[in-house]
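Take a look at the structure below.
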Amino acid sequence: MKNLHKRILEEGKALSDTVLKVDSFLNHQVDPDLMYEMGTYFKNYFKNHKVTKIFTIESSGIAPTVMTAMQMNLPMVILKKQGSKILNSDVYQTTVHSYTKGSDYELTLSEKYINKEDNILIIDDFLANGEAALGAARLVEEAGAKVVGIGIVIEKSFQKGPQMLKDKGYDVYSLARISKLSKGTIEFL
Ligand code: 5GP
């Protein structure tokens, strides 16, 4: 996605060889026009995947996901990050290791918002080691539903997540694919 590449190059800051900061349009301040265009790209790629619902992970996945859901005319669900397990409750939960915080959280989905017939598209802001996307997929599959695609805004292709998800058979579509990151340098595939 040309406009996304442009914004990453103009405004992105490589904090290290592995972490990119895009606070000015995605992770802190949000550019709605850019989010809308992301939604158009995701819709065009996933329109024949028979998606019934779109899932995202709070909080930075929400903006691109709501724009996609709106354009695909589908409901969306925000998977919650809880600090600890909820006992005796009607939820699916799975432990995920946070890439940016370095700690674990419980990714949580209410049973009310999924059923066995659902075909789920998962959308998230970044793909690094794939823990978040794989955790979301585990919840979907635990509920007996199917993951029909994974949409990513910024994939760091040099980390292990992209290949790992593809090896597991998921259809991963990323709007920007970064091949190299270092202080002062951002390169795309
Ligand atoms: P993964 O689970 O694939 O290792 O990491 C994905 C999650 O970590 C995303 O949901 C995102 O919030 C965060 N993340 C991973 N890498 C980056 C990065 O370079 N920059 C930012 N801002 N977030 C990242």
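Residue indices begin at 1 and follow the sequence shown. Order of appearance sets the numbers: ligands from 1, and atoms from 1 within every ligand.
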>> Tell me whether N73 at atom CG has more than 12 heavy atoms from other residues, nucleotides or ligands lying less than 6.0 Å away.
In response: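 It does not: N73 CG has 12 such atoms or fewer within range.
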> Is the number of heavy atoms from other residues, nucleotides or ligands under 6.0 Å of K80 NZ greater than 12?
Replying inline: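 Counting other residues, nucleotides and ligands, NZ of K80 stays at 12 neighbours or fewer.
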> Are N3 and E37 linked by a side-chain donor-acceptor pair shorter than 3.5 Å?
Replying inline: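 Distance-only check passes for N3 and E37.
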>> If you compare all heavy atoms of L107 against all heavy atoms of L139, which two are closest, and at what distance to 0.1 Å?
In response: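 Minimum heavy-atom separation between L107 and L139: O-CD1, 3.7 Å.
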>> Does this structure show an ion pair linking E106 with K85, if we count only N-O contacts that are shorter than 4.0 Å?
In response: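 So E106 pairs with K85 through a salt bridge.
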> Using the ring of each side chain (for Trp, its six-membered ring), is Y45 parallel, tilted or perpendicular to H49, with breaks at 30° and 60°?
Replying inline: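 Ring orientation of Y45 relative to H49: tilted.
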>> Taking non-hydrogen atoms within less than 4.0 Å of ligand 1, which protein residues qualify?
In response: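 Within the 4.0 Å shell of ligand 1, which is judged on heavy atoms, sit T18, V19, L20, N27, Y99, T100, D124, D125, F126, L127, A128, N129, G130, E131, A132, K156.
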